[in-house]
Amino acid sequence: MPDAEKTDLLRRYAANAITWRELQERGFADYVEVLGGLGELGLRPPIAPMTGPNVEARKRGIAILEQALRRRR
């Protein structure tokens, strides 16, 4: 895949315009490749919206991580 196409796909993924599944269908072999490409471009992976049946579990997980980080400061 040409670098320009790869860059475009990664930028669209970071903007939540396409999914991981679409990246796979277009030739990305694994998620490590995606993370590496995003890092090279200075982009971050998209964050799932806080909706659906797992919101409370995600909030608890976030609270645990925040508490652990506060203890390390």
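Because the structure is a prediction, the values reported are computed rather than measured.
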Which residues share a side-chain hydrogen bond (donor to acceptor under 3.5 Å, both in side chains) with Thr19, sequence neighbours left out: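 Per chain and number, Thr19 pairs via side-chain hydrogen bond (donor to acceptor under 3.5 Å, both in side chains) with Glu22.
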
With sequence neighbours excluded, residues passing side-chain hydrogen bond (donor to acceptor under 3.5 Å, both in side chains) with Gln24: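 side-chain hydrogen bond (donor to acceptor under 3.5 Å, both in side chains) check on Gln24 returns Arg21.
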
Can you pull the ring pair (Phe, Tyr, Trp, His ring centres under 6.0 Å) pairs that have at least one residue in [range], sequence neighbours excluded?
range	result
residues 45-73	none
residues 34-73	none
residues 54-73	none

Distance, nearest 0.5 Å, that separates CD1 of Ile18 from CG of Leu23: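 The distance works out to 4.0 Å.
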
Inter-residue atom distance Leu35.CG - Glu40.CD, 0.5 Å rounding: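 With rounding to 0.5 Å, CG (Leu35) is 11.5 Å from CD (Glu40).
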
Over all atoms of both residues, closest heavy-atom pair of Asn16 and Pro46: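 For Asn16 versus Pro46, the nearest heavy atoms are OD1-CB, 3.0 Å.
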
Leu69 atom CG, over 12 foreign heavy atoms within 6.0 Å: yes

Side chain to side chain donor-acceptor pair (under 3.5 Å) pairs, two or more places apart, involving residues 42-60: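 Qualifying pairs, neighbours excluded: none.
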
Non-neighbouring partners of Arg72 that pass side chain to side chain contact (heavy atoms under 4.5 Å, CB included), sequence neighbours left out: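 Counting only residues at least two positions away or on another chain, Arg72 forms no side chain to side chain contact (heavy atoms under 4.5 Å, CB included).
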
Counterpart residues, side chain to side chain contact (heavy atoms under 4.5 Å, CB included), relative to Glu66 (two or more places apart): Ile62, Arg70

Using atom types as modelled, flag every donor-acceptor pair under 3.5 Å from a side chain in residues 25-34 to any protein atom, sequence neighbours excluded.
from  : atom 1 : to    : atom 2 : distance (Å)
Asp30 : OD1    : Val32 : N      : 3.2
Asp30 : OD1    : Glu33 : N      : 2.9
Tyr31 : OH     : Tyr13 : OH     : 2.9
Glu33 : OE1    : Ala29 : N      : 2.9

Summary of salt bridge (charged side-chain N to carboxylate O under 4.0 Å, His left out) pairs that have at least one residue in residues 10-19, sequence neighbours excluded: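 Qualifying pairs, neighbours excluded: Asp8-Arg12.
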
